[in-house]
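Reminder, nothing fancy here: chain letters follow the sequence lines and each chain counts from 1. All values derive from a computational prediction rather than experimental measurement.
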2 protein chains.
Amino acid sequence: MGKKTTIYDIAKKLDITAATVSRALNNSPKISKKTRDLVLEMANKMNYEQNKLALALKSGKSNNVGVIVPRIDSNFFASVIRGIEENLFAHGYHVIICQTHNNENIEIEIINTLLNAQVDGILMSISNVDIYKKESFNRIFKKQIPLIFFDRKANIEGVSSVTINDFEAGYKATKHLIKQGCKKIVHLSGNTLLDIFNNRFLGYKQALEDEGIEFNEDYVIRIKSTVEDGRKAVKKLLKLKKSPDGIFSSSDYAALGAIQEIKNQGIKIPEDICVVGFANEPFTKFMELSISTVDQSPVEMGKIAANVFLEQVNNTDNAKIEKKVVLTPELLIRKSSLKKPVSN
Amino acid sequence: MGKKTTIYDIAKKLDITAATVSRALNNSPKISKKTRDLVLEMANKMNYEQNKLALALKSGKSNNVGVIVPRIDSNFFASVIRGIEENLFAHGYHVIICQTHNNENIEIEIINTLLNAQVDGILMSISNVDIYKKESFNRIFKKQIPLIFFDRKANIEGVSSVTINDFEAGYKATKHLIKQGCKKIVHLSGNTLLDIFNNRFLGYKQALEDEGIEFNEDYVIRIKSTVEDGRKAVKKLLKLKKSPDGIFSSSDYAALGAIQEIKNQGIKIPEDICVVGFANEPFTKFMELSISTVDQSPVEMGKIAANVFLEQVNNTDNAKIEKKVVLTPELLIRKSSLKKPVSN
DNA sequence: TAGTTTTGTGCAATCGATTACATTATGTAA
DNA sequence: TTACATAATGTAATCGATTGCACAAAACTA
């Protein structure tokens, strides 16, 4: 009843072979116009649709791409995925989404099941720094399918990546705070084993040095990217003798927590303390006290990552391509850090 | 080199047939312990991994599920997808994401390519009200795979859905505004051809009636769910003779635009105008003037939709199951609409 | 010991499409 | 008419795993 029509069904009806039907449908040159027309007409009449699974098995290409992220319900990752999907769908690929929740075991399991599902490539943002030392990770290389990192990358030779210049972002943000007159600048960081956090930190440090401000280890706080942690961190900081007058947070959520706590204590933003976040989450723009932040152009990042995949998957020569795309971050200066007009 | 080991490779090494290897790997009862151990050891040594594509072709089950949404980078849809993915991954399914961008042609194309890719089911939020009248939509039924609507559903007999009670949500929100003393309540609506918007509207209307407030057609504005449209709508409304003292918006974004415009004109919230939005987007909570809104428990919605799929896909009898799950919306009362303490 | 059951393997078809190679049919030139 | 090029179609293998059926060997049974 709900049985699908195959090329064999068409062949039987027309008293020809499946091979001929296949050739007709694929517009092969070695077919008479008459037969082709007959086949196309019959295929149409019988509602024939190609079974991509059979094709996938035969060709070894599933036309599916795996995308691995820590979680999908953050605006940044959702936007990257949006870019990836839009680009790849137009090229006949489907995007399979998987979330690691920053859990190493799940991350490994996901890689394995994606490989078994014969995906044609994997685009991922790592959650675990040592994942690439695992056996399952090597299976990706053995299978010779493209692997592309976006945002959170591991440094592996021969693997392409699309990231933003986190050092520059950290540098710009910090320099902006200094220009606003801040002298005691705190950095709310994350897991510095991850490049993104480490580079933002390094940019921060460099900006201090370039401006002749002494680096103070106590001003660097490693926390999770949550409102709660941002709040707690600031609570402690405000008790310090040399309480800060500027905060550069590697996360918008932590920045928000910081702002809430600061206001709670009756301290004024930006007059007393300037705050800059990171990621341009939608809420940063919408708040009455809009939050300065760094935009990572996530949709574009996704589109580019997809492009890199397409380049590599279509590359027939055996040469390994390593493409490292580094996007330029944009510092968005908003109310939370703007004491004086921006100088150019 | 990067060649994959198949059961044939294992068979050859052990001088047995692929059938035996298959039985050993699948723990079939008709196999000697000795052979099974040998096979397992060899499979392990050769890094054998099952090719799911071959299995999929043979069994007719791809273990992939298609999820169709208007766009993924809104917190609501991203959260629903999160719920779906978490639930289905645990059951061995992969989630293929597709975005329609509210474009009817793309929506149809997506359905077609998902069916050709042999997905085992489709979970979708429709963007186009008449989509189900199209031929491609019927192919889903012909194929007898589960179709589950979430949030934006079409009313088709025999099709399951997971939604929230939008009527109740609209009713509660409006009644709350009335309790706050609002008498001239505007409703920012959407495309009322879609059930979700129509039901919110009906709930709004019913609440007015129950409280003896006359319904005024001029107070119902149909706009897109954007900040810009919310802003524009309010601009016009404030020029009316009977300018509103309450706004129930079917969208958080439109509510935000409304609030911005109201404040812009120096009118006070909630004192002069109360505002309630819809969807509990993260920013509504974070703003200094937090926005009252309706929570739709999206992650739970996704998990339930996945459950309904699992029930149906495992259902062997031919009986058509139609399951309609309706979640209870939660009205979150925040600063934008709270003049007096909430009564119980 | 002959007959019967049990157990473990092999054989071959199947899922649906593609494609190198073989074969037949048609057309053209001498 | 013969010879050969060309065009169109058929045959069968292939992708990798599963599984009904056949069959042989081992294990019981009487």
(request) Report the distance from atom NZ of B:K52 to atom P of D:dG16, rounded to the nearest whole Å. (result) 16 Å
(message) Assess, by modelled atom type and distance only, whether the side chains of B:N102 and B:R71 contain a donor and an acceptor separated by less than 3.5 Å.
(response) no
(message) Using the side-chain contact (heavy atoms from CB on, under 4.5 Å) definition, which of the options B:V67, B:I97, B:V95 pairs with B:E85?
(response) B:V95
(message) Measure CG/B:N26 against P/D:dG16 and give the value in whole Å, please.
(response) 17 Å
(message) What is the distance, to the nearest angstrom, from the CG atom on A:N63 to the C1' atom on C:dA17?
(response) 14 Å
(request) State whether B:Q50 places a side-chain N or O below 4.0 Å from either non-bridging phosphate oxygen (OP1 or OP2) of D:dT18. (result) yes
(message) Rounding to an integer number of Å, can you tell me how far A:L53 CG sits from C:dT18 P?
(response) 13 Å
(request) Please name the pair of heavy atoms, one in A:K324 and one in A:V159, separated by the smallest distance, quoted to 0.1 Å. (result) NZ-O, 2.9 Å
(message) Any salt bridge linking B:K45 with B:E41? Criterion: basic side-chain nitrogen under 4.0 Å from a carboxylate oxygen.
(response) no
(request) Just jot down the side-chain hydrogen bond (donor to acceptor under 3.5 Å, both in side chains) partners of A:N112, sequence neighbours excluded, or say none. (result) A:R139
(message) For the helix from C:dT1-D:dA30 to C:dA30-D:dT1, what angle separates the axis at the start from the axis at the finish, each from five pairs, in steps of 10°?
(response) 60°
(request) Report yes if at least one side-chain N or O of A:S22 is closer than 4.0 Å to OP1 or OP2 of C:dT18; otherwise report no. (result) yes
(message) Between C1' on C:dT14 and CG on B:L55, what's the gap in Å once rounded to a whole number?
(response) 13 Å
(request) Write down the atom of B:D73, the atom of A:A78, and the distance for their closest heavy-atom approach. (result) CA-CB, 3.9 Å
(request) Remember a base hit wins even if backbone is also touched, and classify A:E49 as base, sugar-phosphate or nothing at under 4.0 Å, heavy atoms. (result) sugar-phosphate
(message) Using 30° and 60° as the class boundaries, would you call the ring planes of A:F309 and A:Y93 parallel, tilted or perpendicular?
(response) perpendicular
(request) Summarise how protein sits on nucleotides 6-15 of chain D as a single string, 5' to 3': B when a protein heavy atom is under 4.0 Å from the base, S for sugar-phosphate-only contact, - for no contact. (result) --SBBB--BB
(request) Round to the nearest Å and state the distance from B:I7 atom CD1 to C:dT9 atom P. (result) 15 Å
(request) For B:L38 and C:dG8, give me the distance from atom CG to atom C1', rounded to whole Å. (result) 14 Å
(request) Specify the closest pair of heavy atoms between B:Q50 and B:K4, including all atoms of both residues, with the distance to one decimal. (result) O-NZ, 4.0 Å
(message) What is the separation between atom CG on A:L25 and atom C1' on C:dG16, rounded to the nearest whole Å?
(response) 12 Å
(message) Less than 4.0 angstrom from a charged side-chain N to a carboxylate O is my criterion; do A:D9 and A:K13 meet it?
(response) no
